[in-house]
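All of these numbers come straight from a predicted model, not from anything done at the bench.
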Protein chains: 2
Amino acid sequence: MTRSPAPAPVRLRSFDRSLPMGLLRAREAAMRLFRAHLARHDLTEQRWRVLRALTAAGPDDGALDVGEVAERTFLLGPSLSRILGDLEERGLLARTVDPADQRRSLLTLTPAGRDLVAEVAPESEAIYAGIEERFGAERLAGLLADLRDLEDALSDLMPRPGDPR
Amino acid sequence: MTRSPAPAPVRLRSFDRSLPMGLLRAREAAMRLFRAHLARHDLTEQRWRVLRALTAAGPDDGALDVGEVAERTFLLGPSLSRILGDLEERGLLARTVDPADQRRSLLTLTPAGRDLVAEVAPESEAIYAGIEERFGAERLAGLLADLRDLEDALSDLMPRPGDPR
DNA sequence: CCATACTGTATAACATGTGAAGTATTCGGG
DNA sequence: CCCGAATACTTCACATGTTATACAGTATGG
């Protein structure tokens, strides 16, 4: 009786060489640098992203609607909804209904919100500067460019819903 | 009356040039490719990582304890605990107490677990091959190497607890 | 031995990620 | 006009991430 054929050993790329894991580990290492700093101001990474997006919109007429903030912060609707509720309760941002389209909420930072950003931003930028110094600013820029190219390539393989690519 | 000095405009790096966002977006683009595939087998990305780790340990004496799986899958204890409970309920893995140290659970895939891996792995690898083809295998390898260097550099700035670096 | 510190794992509590369904408003064709 | 489709958010339900805490088992110094 011939031996039954050995089951084909399952071939699987090792973790260390897998793209999603590499991206996850690098991001985790980066975020670890910021998390303690943000936590001291009762901010999570995501809330900080929202504050940043609204700051970038500018203090003058810098009202963004929820959809624009979602795009810029890369947050999904449900998370953003919760975060906006929290930031509004804390008096850091204000929501007003867009008079031209009552489905939209327009978001602006309050003075307290802007104060908080002004307080947190310097250390945040200092941490980032530390990363650039340690890894090399040019090399970092190259890596970011590669990441963007990768994102584009992957989006071709499976476009995000709503991505006009 | 002289105008009060304009408040220093808060200088913040634009999102698109920030490292954590770049890593997040790239990872999200990559995971989008795998998620639907895994969902068809009632697997999440994290559960799949656990199955892979146990597969890589080998069918023969491939028992890993929870801590080893946590390291290899890059999952934190609480998430891993929940996932192990689920996979055990589904009959995909078995937990046995390590006789040499009763604090440890030893984990092995059941035959059903190995079957599932054998079923899922080929398409998973095919998706990965598609990424390599689209982005370039060599370029991808270079990117992964850069990511690892970055991780090392960032770990120097803030070592993980327990990292002997 | 034994009290104590340490280690491996699990649980709790809260925030976010993800997909699906719900609500209010607007738009567009008949 | 008016009704159905589309849009902008929100809410729900469940899985994971993150931090702190609990707890059993093990090692260690006295």
Looking at every non-hydrogen atom in both residues, tell me the closest pair between [X] and [Y] and how far apart they are.
X: B:His41; Y: B:Arg90; result: O-NH2, 3.6 Å
X: A:Leu64; Y: A:Ala53; result: CD1-O, 3.8 Å
X: B:Ile83; Y: B:Arg47; result: CG2-CG, 3.7 Å
X: A:Leu154; Y: B:Ala26; result: CD1-O, 4.0 Å

Please check the phosphate of D:dT10 (OP1 and OP2 only) for any side-chain N or O of A:Arg95 closer than 4.0 Å.
yes

Every protein N/O within reach of nucleotides 11-16 of chain D N/O, cut-off under 3.5 Å:
residue	atom	partner	partner atom	Å
D:dA15	O3'	B:Arg47	NH2	3.4
D:dT16	OP1	B:Thr44	OG1	3.0
D:dT16	OP1	B:Arg47	NE	2.9
D:dT16	OP2	B:Arg47	NH2	3.0
D:dT16	O3'	B:Gln46	NE2	2.9

Atom-to-atom span, [atom1] of [X] to [atom2] of [N] - whole angstrom:
X: A:Leu38; N: D:dT18; atom1: CG; atom2: P; answer: 13 Å
X: A:Asp98; N: C:dC27; atom1: CG; atom2: C1'; answer: 16 Å
X: A:Glu89; N: C:dA15; atom1: CD; atom2: C1'; answer: 14 Å
X: A:Gln102; N: D:dC9; atom1: CD; atom2: P; answer: 13 Å
X: A:Leu80; N: D:dC9; atom1: CG; atom2: P; answer: 9 Å
X: A:Glu28; N: D:dT18; atom1: CD; atom2: C1'; answer: 9 Å
X: A:Leu24; N: C:dG17; atom1: CG; atom2: P; answer: 13 Å
X: B:Arg104; N: D:dC23; atom1: CZ; atom2: C1'; answer: 17 Å

Near B:Glu132 CD, under 6.0 Å, is it more than 12 heavy atoms from other residues, nucleotides or ligands?
yes

Exceeds 12 heavy-atom contacts within 6.0 angstrom, atom CZ of B:Arg148:
no

Residue mapping more 5' on DNA chain D - nearest nucleotide basis, A:Val66 or B:Ala100:
A:Val66

Which sits closer to the 5' end of DNA chain D, A:Asp65 or A:Met31, going by the nucleotide each is nearest to?
A:Asp65

Just by distance, do the side chain of B:Thr110 and the backbone of B:Gly91 share a donor-acceptor pair under 3.5 Å?
yes

Looking at the base of C:dT26, is there any donor atom on it, or on the side chain of A:Arg103, that sits under 3.5 Å from an acceptor on the other one?
no

Of the listed nucleotides C:dG17, C:dT26, C:dA10, the one nearest the side chain of A:Asp101:
C:dT26

B:Asp146/A:Arg139 ion pair, N-O < 4.0 Å
yes

By nearest nucleotide on DNA chain C, pick out whichever of B:Ser105 and B:Arg35 is the more 5' one.
B:Ser105

What about B:Leu109 and B:Leu106, same hydrophobic cluster or not, with Ile/Leu/Val/Met/Phe/Trp/Tyr joined at side-chain heavy-atom distances under 4.5 Å?
no

So if I take the C1' atoms of five pairs at each end of the helix from C:dC1-D:dG30 to C:dG30-D:dC1 and get each local axis, what angle do the two axes make, rounded to 10 degrees?
10°

